[in-house]
A.B. asks: 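Could you have a look at this structure, given as structure tokens, before my questions?
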Amino acid sequence: MPLLNVQLLDIRPTDTPGAFLLFLKIGMDIFQFRFTVKTVPVGGHDLQLIHGEHVFERTFLTGPNISRAIAQIVGQVATGEEIDLPVSLGSWSPDPQLNRNWHHDLAGQRLPQAAG
């Protein structure tokens with residue numbers, strides 16, 4: 001499978017507190033994913049729990065560097081930090097076994113491209 005460049009193009013809060021929409025460019029296509037952030041107290045400290053929707057988590061099982069980078073950025077945005085976008089997240093190579101149909105699996109997340 002080919003090596004695909006992954007970029008975070010935009011991150012937007014939704015009307016739901018702690019929820020964000022992320023716009024990722026994977027190869028030549030743009031996809032939208034929902035993430036949630038919940039802060040819980042643990043031992044006198046606040047801990048952020050960051051979750052991507054299932055299809056994101058499943059797709060990037062073979063790209064832990066991508067998942068970690070996105071979780072870090074989502075956490076930063078959730079605490080009010082400004083992020084300069086776009087952010088290159090590195091390259092990802094779909095695993096032939098786990099990600100054989102990744103493009104099909106993400107069809108519902110794909111955004112239409114403007115002609116031109």
Side-chain angles (χ1 to χ4, degrees):
M1 293 218 162
L3 195 59
L4 302 168
N5 290 322
V6 181
Q7 284 186 308
L8 174 60
L9 300 177
D10 199 5
I11 180 170
R12 300 178 191 163
T14 69
D15 292 337
T16 304
F20 298 87
L21 285 179
L22 278 68
F23 298 86
L24 293 182
K25 185 174 184 182
I26 305 170
M28 297 303 295
D29 294 315
I30 298 173
F31 300 90
Q32 172 182 289
F33 300 97
R34 183 179 171 92
F35 276 73
T36 58
V37 178
K38 183 178 179 182
T39 303
V40 295
V42 176
H45 299 282
D46 286 339
L47 179 69
Q48 282 184 323
L49 302 177
I50 300 167
H51 295 281
E53 61 186 292
H54 178 73
V55 69
F56 174 87
E57 300 290 347
R58 179 170 172 231
T59 298
F60 287 103
L61 276 173
T62 59
N65 58 320
I66 304 291
S67 296
R68 270 192 307 275
I70 288 177
Q72 182 178 10
I73 293 168
V74 170
Q76 290 172 303
V77 170
T79 59
E81 284 188 52
E82 299 230 359
I83 304 295
D84 290 327
L85 297 169
V87 174
S88 178
L89 301 169
S91 298
W92 172 65
S93 182
D95 180 273
Q97 294 297 321
L98 291 173
N99 305 114
R100 179 177 39 251
N101 296 317
W102 76 271
H103 220 264
H104 180 266
D105 293 345
L106 295 182
Q109 301 349 94
R110 185 179 301 120
L111 298 177
Q113 302 286 319

A.B. asks: Could you pull out all residues at least two apart from A69 that satisfy side chain to side chain contact (heavy atoms under 4.5 Å, CB included)?
C.D. replies: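 Partners of A69 by the side chain to side chain contact (heavy atoms under 4.5 Å, CB included) criterion, ordered by chain and then number, come out as L89.
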A.B. asks: Transitively linked via ILVMFWY side-chain contacts under 4.5 Å: L49 with F60?
C.D. replies: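 Not linked; separate clusters.
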A.B. asks: Using 0.5 Å steps for rounding, measure from the NZ atom of K25 to the CG atom of L4.
C.D. replies: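 Rounded to the nearest 0.5 Å, the NZ-CG separation comes out at 11.5 Å.
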A.B. asks: Output all residues satisfying salt bridge (Lys or Arg N to Asp or Glu O under 4.0 Å) with R12, sequence neighbours left out; order by chain, then residue number.
C.D. replies: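 Here the qualifying residues are D10.
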A.B. asks: Run the side chain to side chain donor-acceptor pair (under 3.5 Å) test against N5 and tell me which residues pass, sequence neighbours left out.
C.D. replies: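 Expected list: S91.
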A.B. asks: About how many Å separate CG of L61 and OG of S67, when rounded to the nearest 0.5 Å?
C.D. replies: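 It is 7.5 Å, given to the nearest 0.5 Å.
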A.B. asks: Side-chain contact test, heavy atoms from C-beta onward, threshold under 4.5 Å: evaluate it for R34 versus T14 and give yes or no.
C.D. replies: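 Counting from C-beta outward, R34 and T14 do come under 4.5 Å.
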A.B. asks: Could you give the distance from CZ (R58) to CD (E53), rounded to the nearest 0.5 Å?
C.D. replies: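 It is 13.0 Å, given to the nearest 0.5 Å.
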A.B. asks: What heavy-atom pair brings L9 and P86 nearest, and what distance separates the two atoms?
C.D. replies: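 Nearest pair, atom of L9 first, then P86: CD2-CB, 4.1 Å.
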A.B. asks: Got a sec, which residues hit side chain to side chain contact (heavy atoms under 4.5 Å, CB included) with E57, two or more places apart in sequence or on another chain?
C.D. replies: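 Once residues adjacent in sequence are excluded, E57 has no partner under the side chain to side chain contact (heavy atoms under 4.5 Å, CB included) criterion.
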A.B. asks: In Å, rounded to the nearest 0.5 Å, how long is the span from CH2 of W92 to CD1 of I26?
C.D. replies: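 W92 CH2 to I26 CD1: 6.0 Å, rounded to 0.5 Å.
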A.B. asks: To the nearest 0.5 Å, tell me how far K38 NZ sits from D46 CG.
C.D. replies: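 That separation rounds to 12.5 Å.
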A.B. asks: Mind checking side chain to side chain contact (heavy atoms under 4.5 Å, CB included) for Q48 and listing every partner two or more places apart, or none if nothing turns up?
C.D. replies: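 V37, T39, I50, A78, T79.
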A.B. asks: Go through I83 and I11 one step at a time and tell me if the side chain to side chain contact (heavy atoms under 4.5 Å, CB included) criterion holds.
C.D. replies: CA-CA 9 Å; I83 304 295; I11 180 170; 5.6 Å; no
A.B. asks: Strictly by salt bridge (Lys or Arg N to Asp or Glu O under 4.0 Å), give each pair with a member in residues 63-91 just once, sequence neighbours left out.
C.D. replies: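 Not a single pair qualifies under salt bridge (Lys or Arg N to Asp or Glu O under 4.0 Å).
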A.B. asks: Look up atom CZ in F35 and atom CZ in F56, then write down how far apart they are to the nearest 0.5 Å.
C.D. replies: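 Rounded to the nearest 0.5 Å, the CZ-CZ separation comes out at 4.0 Å.
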A.B. asks: Can you list the steps and then say if T36 with T16 is a side chain to side chain contact (heavy atoms under 4.5 Å, CB included)?
C.D. replies: CA-CA 9 Å; T36 58; T16 304; over 6 Å; no
A.B. asks: Decide yes or no on side chain to side chain contact (heavy atoms under 4.5 Å, CB included) for V87 and I73, but give the supporting numbers first.
C.D. replies: CA-CA 9 Å; V87 174; I73 293 168; 3.9 Å; yes
A.B. asks: List the residues meeting side chain to side chain contact (heavy atoms under 4.5 Å, CB included) with P13, not counting sequence neighbours, and say none if there are none.
C.D. replies: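 P13 satisfies side chain to side chain contact (heavy atoms under 4.5 Å, CB included) with F20 only.
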A.B. asks: Could you check if a side-chain atom of V55 sits within less than 4.5 angstrom of a side-chain atom of F33, using non-hydrogen atoms only?
C.D. replies: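 SC-SC contact between V55 and F33 confirmed.
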A.B. asks: Between L85 and V74, is there shared hydrophobic-cluster membership here, with clusters defined by ILVMFWY side-chain heavy atoms closer than 4.5 Å?
C.D. replies: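 Linked, L85 and V74 end up in one cluster.
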A.B. asks: Check whether any side-chain heavy atom of H45 sits under 4.5 Å from a side-chain heavy atom of V42, and report yes or no.
C.D. replies: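 In short, these two side chains do not touch, never coming nearer than 4.5 Å.
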